[in-house]
2 protein chains.
Amino acid sequence: MTDDQLNLIFKALSDSTRRRIIEYLSKQSAQSLFELCAASVASDGVALSRQTVSQHLAVLEKAGLIETTWKGRTKAHSLSVTDGHIEAASWLMEFRKDGPKT
Amino acid sequence: MTDDQLNLIFKALSDSTRRRIIEYLSKQSAQSLFELCAASVASDGVALSRQTVSQHLAVLEKAGLIETTWKGRTKAHSLSVTDGHIEAASWLMEFRKDGPKT
DNA sequence: TTGACATGCAGTAAACTTACAGCATATTAG
DNA sequence: CTAATATGCTGTAAGTTTACTGCATGTCAA
């Protein structure tokens, strides 16, 4: 796990909007950009432009947290939380007050 | 755990310099600003100004990851990774590919 | 009390982030 | 083919971040 990967993963997780997008995708996989905009309004009452959601998706994709596949003219976004991500997110464990896994 | 706390914690962890500071403090507790500047040069050969390190420490403190105590004219910085932080860092676990804790 | 030391505060410049609008491109329905 | 739809690309504006310099404040030693 490189420093850059850790940077990307933690940065991706450091925004509430992006964490909400992860939650939407965990509830229903393979959602399009429009569906995610709709999910934001429906679940949290927050209206976001397509461009805004698109940028957040790009950040999540750069961190490898989502995968995309094209179905005709729609791009389906799905969660892809791997063991590598879990390992990265566990980085802090080692510095726990009374040592790791106490 | 509020959204703001998660933001602060993940943001604090999303910078390699700050993660290095955490590592320095894990190797030796209660270090001053100058000692941390020296540790950066000694351990990684990276020279950082005091002000730069001070700002990073402020971000870490805002996330509750370090505690400080004054000893005369020096401010001692120590790691303070609580169960709350571990819980926050574990936020992603729930979205693991095959469900949590598989 | 004075000088050296440790830190804090203000200000700056470049880069990045986050939100948006507008236009372009590509695909599907009719 | 044409219109509607879904996304991508470019640009913009405000705010934040990251690095720094310089000056001010507070504390300890001589």
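Bear in mind that the values here come from a model prediction, so they are computed numbers and not experimental data. Because only heavy atoms are used, hydrogens play no part in the values below, and waters and symmetry mates are left out as well, while side chains stay in.
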Checking side-chain contact (heavy atoms from CB on, under 4.5 Å) for the pair A:Leu48/A:Leu36: CA distance, chi angles, key distance, verdict?
CA-CA 9 Å; A:Leu48 295 170; A:Leu36 289 167; over 6 Å; no
Does the side-chain contact (heavy atoms from CB on, under 4.5 Å) test come out yes or no for A:Leu92 and A:Phe10, once each step is laid out?
CA-CA 11 Å; A:Leu92 194 62; A:Phe10 282 127; 6.0 Å; no
So B:Arg96 and A:Asp83, side-chain contact (heavy atoms from CB on, under 4.5 Å) or not? Walk me through it.
CA-CA 8 Å; B:Arg96 191 179 201 159; A:Asp83 285 348; 3.3 Å; yes
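Atom NE2 of A:His77 and atom P of D:dA6 are 13 Å apart (whole Å). Regarding B:Asp15, its CG atom lies at a distance of 17 Å from the P atom of C:dA15, rounded to whole Å. Atoms CH2 (B:Trp70) and C1' (D:dG26) sit 8 Å apart, rounded to a whole Å. If you measure from atom CG of A:Leu57 to atom P of D:dT7, you get 10 Å, rounded to the nearest angstrom. The interatomic distance linking A:Arg20 (CZ) with C:dA19 (C1') rounds to 13 Å, in whole Å. Rounded to whole angstrom, the span from the CD atom of B:Gln55 across to the P atom of C:dA13 amounts to 16 Å. As rounded to whole Å, 13 Å separates atom P of C:dC16 from atom CG of A:Leu8. Rounded to a whole Å, the CZ atom of B:Phe10 is 19 Å from the C1' atom of C:dT17.
Phosphate contact (OP1/OP2 of D:dT21, side-chain N/O of B:Ser49, threshold under 4.0 Å): absent. Phosphate contact (OP1/OP2 of D:dT18, side-chain N/O of B:Thr52, threshold under 4.0 Å): absent. The side chain of A:His56 places no N or O atom within less than 4.0 Å of a non-bridging phosphate oxygen (OP1 or OP2) of C:dT17.
Both A:Gly72 and A:Leu48 sit near DNA chain C, but only A:Leu48 has its closest nucleotide nearer the 5' end. In this structure, A:Lys11 and A:Lys71 both approach DNA chain C, and ranking their closest nucleotides by distance from the 5' end singles out A:Lys11. When the nearest nucleotides of DNA chain D are assigned to B:Lys62 and B:Val53 by heavy-atom distance, the more 5′-ward of the two goes with B:Lys62.
Here the nucleotide nearest the side chain of B:Lys75, chosen from C:dC20, D:dC20, C:dG8, is C:dG8. Nearest nucleotide to the A:Arg50 side chain, out of D:dT7, D:dC28, C:dA19: D:dT7. Closest contact between the side chain of A:Phe34 and the listed nucleotides D:dG8, D:dT18, D:dA6 involves D:dA6. Among the nucleotides D:dG8, D:dT18, C:dG8, the one closest to any side-chain atom of B:Ser54 is C:dG8. Candidate nucleotides C:dA19, D:dT21, D:dG26 were compared by shortest atom distance to the side chain of B:Arg73, and D:dG26 ranks first.
Residue A:Gln51 places a side-chain atom within donor-acceptor reach of the base of C:dG22, judged by atom type and a 3.5 Å distance cut-off alone.
Ionic pairing of B:Asp3 and A:Arg20 is not present here: no N-O contact between side-chain nitrogen and carboxylate oxygen is shorter than 4.0 angstrom.
A chain of hydrophobic side-chain contacts below 4.5 Å, direct or via other Ile, Leu, Val, Met, Phe, Trp or Tyr residues, connects B:Met93 to A:Leu65.
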